[in-house]
2 protein chains.
Amino acid sequence: MNERTQSDEPRSARPGQADQANSRERLISCVELLFFAYRDFTNDADRVLEQYGFGRAHHRVLHFVNRNPGLRVADLLDILKITKQSLARVLKQLIDEGFVAQRSGKSDRRERLLHLTSKGTKLADRLANLQIGRIAEAFERAGPGADEVTARFLFAMIGEKDRARVQDLIWGMDQWGTQFDREQQRDQT
Amino acid sequence: MNERTQSDEPRSARPGQADQANSRERLISCVELLFFAYRDFTNDADRVLEQYGFGRAHHRVLHFVNRNPGLRVADLLDILKITKQSLARVLKQLIDEGFVAQRSGKSDRRERLLHLTSKGTKLADRLANLQIGRIAEAFERAGPGADEVTARFLFAMIGEKDRARVQDLIWGMDQWGTQFDREQQRDQT
DNA sequence: CAATTAAGTCAACATGGCTGACGTAAATTC
DNA sequence: GAATTTACGTCAGCCATGTTGACTTAATTG
């Protein structure tokens, strides 16, 4: 514990130990920053949701159905990683209150394909704009290039087994895959 | 698998709009990445906590007390932004089971200064190492310089009013450069 | 001494996870 | 064509963790 107490210059005195300790401190800072960042990230949307009597769980459904119209219930379960019963509780409310609509799949009529109504789209977009606004501002404050680096970091934080699926979900379902090279996210180490 | 998404988005004719739409798409991707990253970030620790009958709330207390020995209850409430009653529930368990110890403040004996026992330290460090490990790996995969950029981004994501306090907590209160103990500072006359 | 402050506690409630069991309709397989 | 599997829904109850409101105790402070 006292390795560093004597040195005025922790970096140069004991290269190996000091760097290691310093790196650990930095990483712990990031743990805490991630906690605070996420805590505040959800704040804006939460306050809007409150006005509708909804919670964060409703938001997630609205978001992913908005982004992936025609999503099946099973797909949504896989994305959210919650149980059918947990999803049902919020999904039922969203359907009953006219934010989400279901259609039977035409090839497999057991499937209930999820869509947002115009009311649902409006709310989902409003919530998204709040989150986008905060993120955009943070990127500006973080300096040029922060968006790409951060996206790579966040992607790398995802559990290995899920990365491919998330990548498909995010960059595979719309048309802008050309601008953001998928290879960038691939294993590069 | 999923024959969904027949959305025909306006692959825009006007150049300015394309950039704007593209930027929006990127930002929404980041919203989703943040969700997935945070979800998986907490996963490793959660599984360990389960073995102790603890949850994420216990983890937060362990973490911040570990990082800031001598923390007052009021400070912890301010960090976690939860109510006294919510904190009490988990704090009581941690004290009863010998992970956290309290001492009365020397200058103000109403204060209960929080510390971890050796048992508590051991668990907190174990949990921290899991999270550090994942973050370190993610930084490597994200490429050089990702740590600094990401830290700046995460910091910028914090609500403006809290930034100063978080900065103090992270870079001022812990053992970055100088050994620094809150209790020592407050109690010295 | 009176008022304020730090902390603890009790009771009740909401949200959003979970498990287990069961139902129903449609698709698939034997 | 019957049996099985699949996709989805639903009921009932448990657990963790957040909330509000009211009240107590002890110590500090004006």
Side-chain angles (χ1 to χ4, degrees), chain A residues 35 38-39 42-43 45-47 49-63 65 70-96 100-114, chain B residues 1-4 35 38-39 42-43 45-47 49-62 65 70-96 100-114 182-183 186-187 189:
Chain A
F35 166 69
Y38 197 81
R39 186 194 64 180
T42 54
N43 238 346
D46 282 349
R47 256 174 292 144
L49 289 159
E50 224 176 333
Q51 299 165 2
Y52 290 79
F54 291 154
R56 226 172 270 183
H58 302 84
H59 185 182
R60 291 185 194 122
V61 172
L62 284 170
H63 176 93
V65 174
L71 203 66
R72 294 175 311 148
V73 171
D75 296 330
L76 197 45
L77 288 176
D78 190 56
I79 290 169
L80 301 176
K81 292 252 181 76
I82 60 176
T83 58
K84 173 172 65 160
Q85 295 91 326
S86 294
L87 174 59
R89 193 158 37 201
V90 294
L91 186 54
K92 195 171 188 309
Q93 279 180 275
L94 290 168
I95 291 169
D96 288 350
V100 172
Q102 293 177 315
R103 297 177 205 155
S104 305
K106 61 181 196 301
S107 63
D108 183 340
R109 277 160 39 224
R110 290 173 305 179
E111 297 173 347
R112 310 290 167 85
L113 308 185
L114 302 172
Chain B
M1 283 269 173
N2 311 329
E3 12 66 56
R4 52 182 190 238
F35 165 70
Y38 197 81
R39 186 193 64 180
T42 54
N43 238 345
D46 283 349
R47 257 174 293 144
L49 289 159
E50 223 177 333
Q51 299 165 2
Y52 290 80
F54 291 152
R56 226 172 270 182
H58 302 84
H59 185 184
R60 290 183 196 124
V61 172
L62 285 171
V65 174
L71 204 66
R72 294 174 312 148
V73 170
D75 295 331
L76 197 45
L77 288 176
D78 190 57
I79 290 169
L80 300 176
K81 292 253 180 77
I82 60 175
T83 58
K84 183 173 55 161
Q85 297 90 327
S86 293
L87 174 59
R89 192 157 37 205
V90 293
L91 186 54
K92 195 169 189 309
Q93 285 181 72
L94 289 167
I95 291 169
D96 288 349
V100 172
Q102 291 178 316
R103 297 178 205 155
S104 304
K106 282 163 193 157
S107 59
D108 185 337
R109 278 160 38 228
R110 289 172 306 180
E111 297 173 347
R112 309 290 166 88
L113 309 185
L114 303 172
R182 266 211 149 192
E183 190 177 357
R186 200 183 10 260
D187 283 349
T189 43

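The chains referred to below are lettered A, B, ... by the order of the sequence lines, with proteins before strands, and numbering in each begins at 1. What you are looking at is a predicted structure, and each value in this text was computed from that prediction instead of being measured.
- Contact between the side-chain N/O atoms of Arg109(B) and the OP1/OP2 oxygens of dT25(D) is not found at any separation under 4.0 Å.
- Looking at the side chain of Val73(B), the nearest of the listed nucleotides dG8(C), dT5(C), dT9(C) is dG8(C).
- Looking at the side chain of Arg72(A), the nearest of the listed nucleotides dA6(C), dT19(D), dA7(D) is dA7(D).
- Among dG17(C), dA27(D), dA25(C), the nucleotide with an atom closest to any side-chain atom of Ala57(A) is dG17(C).
- Atom NZ in Lys84(B) sits roughly 12 Å away from atom C1' in dC10(C) (whole-Å rounding).
- Here Gln102(A) lies in heavy-atom contact (under 4.0 Å) with sugar-phosphate atoms only.
- Ring planes of His58(B) and Phe54(B): parallel class, angle under 30° (limits at 30 and 60°).
- Arg56(B) comes within contact range of the sugar-phosphate backbone alone, with a heavy-atom separation under 4.0 Å but no base atom that close.
- When the P atom of dG8(C) is taken as reference, atom CG of Leu94(B) falls 13 Å away, rounded to whole Å.
- One atom, CG of Leu113(A), and another, P of dA26(C), lie 15 Å apart when rounded to the nearest Å.
- For the OP1/OP2 pair of dG16(C) and a distance below 4.0 Å, the side-chain nitrogens and oxygens of His58(A) include at least one atom meeting the criterion.
- Of all heavy-atom pairs spanning Asp78(B) and Arg39(A), the tightest one is O-NH1, 4.5 Å.
- Rounding to the nearest 0.5 angstrom, the gap separating the OG1 atom in Thr83(A) from the CZ atom in Arg89(A) is 8.0 Å.
- Each of dG8(C), dC8(D), dT20(D) was ranked by its minimum atom distance to the side chain of Thr83(B); first place goes to dT20(D).
- Phosphate contact (OP1/OP2 of dC18(C), side-chain N/O of Ser86(A), threshold under 4.0 Å): present.
- Across the protein-nucleic acid pair, Leu91(A) atom CG and dA7(D) atom P stand 17 Å apart, rounded to whole Å.
- When the nucleotides dA7(D), dT5(C), dC18(C) are ranked by their closest atom to the side chain of Glu111(A), dA7(D) comes out on top.
- Not one side-chain nitrogen or oxygen of Arg89(A) sits closer than 4.0 Å to the OP1 or OP2 atom of dG16(C).
- Of all nucleotides listed (dA26(C), dT19(D), dT28(D)), dT19(D) comes nearest to the side chain of Gln85(B).
- Minimum interatomic distance between Gln93(B) and Gly53(B) (heavy atoms only, all atoms of both residues): OE1-O, 4.5 Å.
- Atom pair Leu114(B):CG and dA6(C):P shows a separation of 14 Å (rounding to whole Å applied).
- The local environment of NZ in Lys92(A) is sparse, with at most 12 non-hydrogen atoms from other residues, nucleotides or ligands closer than 6.0 Å.
- Closest approach to the Ile82(A) side chain among dT5(C), dC11(D), dG17(C) is made by dG17(C) (side chain taken as heavy atoms from C-beta onward).
- The side chain of Arg60(B) has dG18(D) as its nearest neighbour among dT17(D), dG18(D), dA7(C).
- Atom OG of Ser104(A) sits about 9.5 Å away from atom CD of Glu111(A), to the nearest 0.5 Å.
- The nucleotide whose nearest atom lies closest to any side-chain atom of Ala88(A) is, among dA27(D), dT5(D), dT10(D), dT10(D).
- The nearest heavy atom of DNA chain C to Lys81(A) and to Arg110(B) marks one nucleotide each, and the one closer to the 5' end goes with Arg110(B).
- For Lys92(A) against dG9(D), no side-chain N or O and base N or O form a donor-acceptor pair under 3.5 Å.
- A straight line from CZ of Arg112(B) to C1' of dA6(C) spans 8 Å, rounded to a whole angstrom.
- dG9(D) atom C1' lies 12 Å from atom CG of Leu77(A), rounded to whole Å.
- For the pair Glu50(B) CD and dG17(C) C1', the interatomic distance rounds to 12 Å; values are reported in whole Å.
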